[in-house]
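A quick write-up on the structure given underneath.
Bear in mind that the values here come from a model prediction, so they are computed numbers and not experimental data.
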Amino acid sequence: MARRTIDLLWLEEPQSRRGRKKGLSLTQVVDAAIALADAEGLDAVSMRRVAQELGVVPMTLYTYVPDKAALLDLMVDALYLRMERPADDGPGWRERVRAVARENRALYDHHPWAAEISASRPPLGPGLMAKYEHELRAFEGSGLDDVETDSALTFVLGFVQHSARAAAEAKAVAERSAQTDAQWWQESGPLLEKVFDRHRYPLAVRVGEAAGAELGGAFNAEHAYAFGLERVLDGLGVLIDSKGRQ
């Protein structure tokens, strides 16, 4: 099955078989699945539902893709292949890594479902390889060895993926409650003042009030991302600086 998925990732179209809808291609199957995930979320994606969107019976879809796991790999790799990859974003590694983070955050903003897919066994297709090659270049000249470079990139991408999940969750909570975070805080803030004991929790009350007033709620996804990314870069900077002193 793994070999079959690899063949499909590298654009080896299945041979013609009886029962195929004339003109249907593997790219159309993948695009239909991506559109469905974009519109309704990852849970909506099934072989049966994608077949329905394409106007074919489910068994026809299996002649193109062996199972849902392979379909998900194809979907993610297609997104990777279509990502914009600027040639450069500055002479320093921080600027280049910040650009890598920005590119991945944009991917998740446009396709939130992609952040839900585990990165522990990524699709080994042309999209992933092009993405990996591009992103590794951000660390060129930093002094990191090959393993450290791979680990540093994994660290950055993991942070971005986690941040995207947190942002999507916050958005979903706001949509379910029909309130923005600012509206929720405006309503909840005064109520909390009545029940929080300032003498028992002086630090929590002081810091919580300051953060809530500044960020407009208990959690601000954009602030958390911007603040966290800079701390990720600071941490990598300590490692890179130490390499320069060796």
Side-chain angles (χ1 to χ4, degrees), residues 1-11 26-27 29-50 61-62 64-85 97 99-136 138-139 146-173 219 221-222 224-225 228-229 231-233 235-236:
M1 192 65 71
R3 174 59 188 272
R4 178 69 175 133
T5 302
I6 294 294
D7 287 344
L8 291 173
L9 283 165
W10 287 93
L11 303 182
L26 182 60
T27 298
V29 172
V30 174
D31 285 348
I34 290 174
L36 182 58
D38 287 346
E40 301 183 30
L42 199 57
D43 289 343
V45 178
S46 67
M47 299 293 279
R48 179 177 296 277
R49 182 66 191 281
V50 174
L61 201 64
Y62 284 100
Y64 289 87
V65 184
D67 54 30
K68 181 178 176 179
L71 179 59
L72 292 178
D73 279 348
L74 290 163
M75 291 164 63
V76 172
D77 201 68
L79 295 187
Y80 289 168
L81 197 60
R82 298 166 188 174
M83 288 177 71
E84 293 186 6
R85 299 184 177 90
V97 173
V100 166
R102 184 167 59 247
E103 292 157 12
N104 281 272
R105 183 61 188 268
L107 172 72
Y108 294 135
D109 284 345
H110 287 97
H111 309 280
W113 56 269
E116 300 175 27
I117 297 177
S118 173
S120 62
R121 292 187 179 182
L124 301 177
L128 173 71
M129 296 308 296
K131 181 176 184 289
Y132 188 50
E133 178 76 14
H134 165 72
E135 292 172 348
L136 288 173
F139 293 95
D146 289 348
V147 175
E148 289 169 335
T149 297
D150 177 80
S151 298
L153 177 58
T154 299
F155 181 41
V156 172
L157 298 182
F159 163 76
V160 176
Q161 185 174 22
H162 174 79
S163 295
R165 287 176 178 172
E169 182 179 340
K171 182 180 179 181
V173 169
F219 175 72
E222 292 307 313
Y225 170 75
L229 178 59
R231 303 297 74 78
V232 167
L233 295 174
L236 291 174

* To do: With sequence neighbours excluded, tell me which residues meet side-chain hydrogen bond (donor to acceptor under 3.5 Å, both in side chains) with E84.
  => none

Looking at residues at least two apart in the chain, or sitting in another chain, which of them share a side-chain contact (heavy atoms from CB on, under 4.5 Å) with [X]?
{"X": "E148", "value": "L144, D145, L239, K243"}
{"X": "R165", "value": "A115, Q161"}
{"X": "A44", "value": "L36, E40, R49"}

If we only count heavy atoms from C-beta on, is the [X] to [Y] side-chain gap below 4.5 Å?
{"X": "K131", "Y": "E103", "result": "no"}
{"X": "Y132", "Y": "L153", "result": "yes"}
{"X": "T5", "Y": "L9", "result": "yes"}
{"X": "E135", "Y": "L157", "result": "yes"}
{"X": "I117", "Y": "L42", "result": "yes"}

With [X], which residues qualify under salt bridge (Lys or Arg N to Asp or Glu O under 4.0 Å), at least two apart?
{"X": "R231", "value": "D234"}
{"X": "D109", "value": "R105"}
{"X": "R82", "value": "D31"}
{"X": "E116", "value": "none"}

* To do: Taking all heavy atoms of L71 and all of V65, pick out the closest pair and write down the distance.
  => N-CG1, 3.6 Å

* To do: Indicate the atoms forming the closest heavy-atom contact of L236 with A152, along with that distance.
  => CD2-CB, 3.7 Å

* Looking at residues at least two apart in the chain, or sitting in another chain, which of them share a ring pair (Phe, Tyr, Trp, His ring centres under 6.0 Å) with Y225? -> F159

Show me the side-chain donor-acceptor pairs of residues 73-81 shorter than 3.5 Å, one per line, residues at least two apart or across chains.
| residue | atom | partner | partner atom | Å |
| --- | --- | --- | --- | --- |
| D77 | OD1 | G127 | N | 3.3 |
| D77 | OD1 | L128 | N | 2.8 |
| D77 | OD2 | G127 | N | 2.9 |

* Roughly how far apart are L124 CG and I6 CD1, rounded to 0.5 Å? -> 4.5 Å

Given 3.5 Å as the limit, does a donor-acceptor pair link the side chain of [X] with the main chain of [Y], or not?
{"X": "D150", "Y": "D146", "result": "no"}
{"X": "W113", "Y": "Y108", "result": "no"}
{"X": "H134", "Y": "A130", "result": "no"}

* Tell me, yes or no, whether the heavy-atom count around K68 atom NZ, taken from other residues, nucleotides or ligands under 6.0 Å, exceeds 12. => yes

* Asked: Is the count of non-hydrogen atoms from other residues, nucleotides or ligands lying under 6.0 Å from M83 atom CE greater than 12?
  -> yes

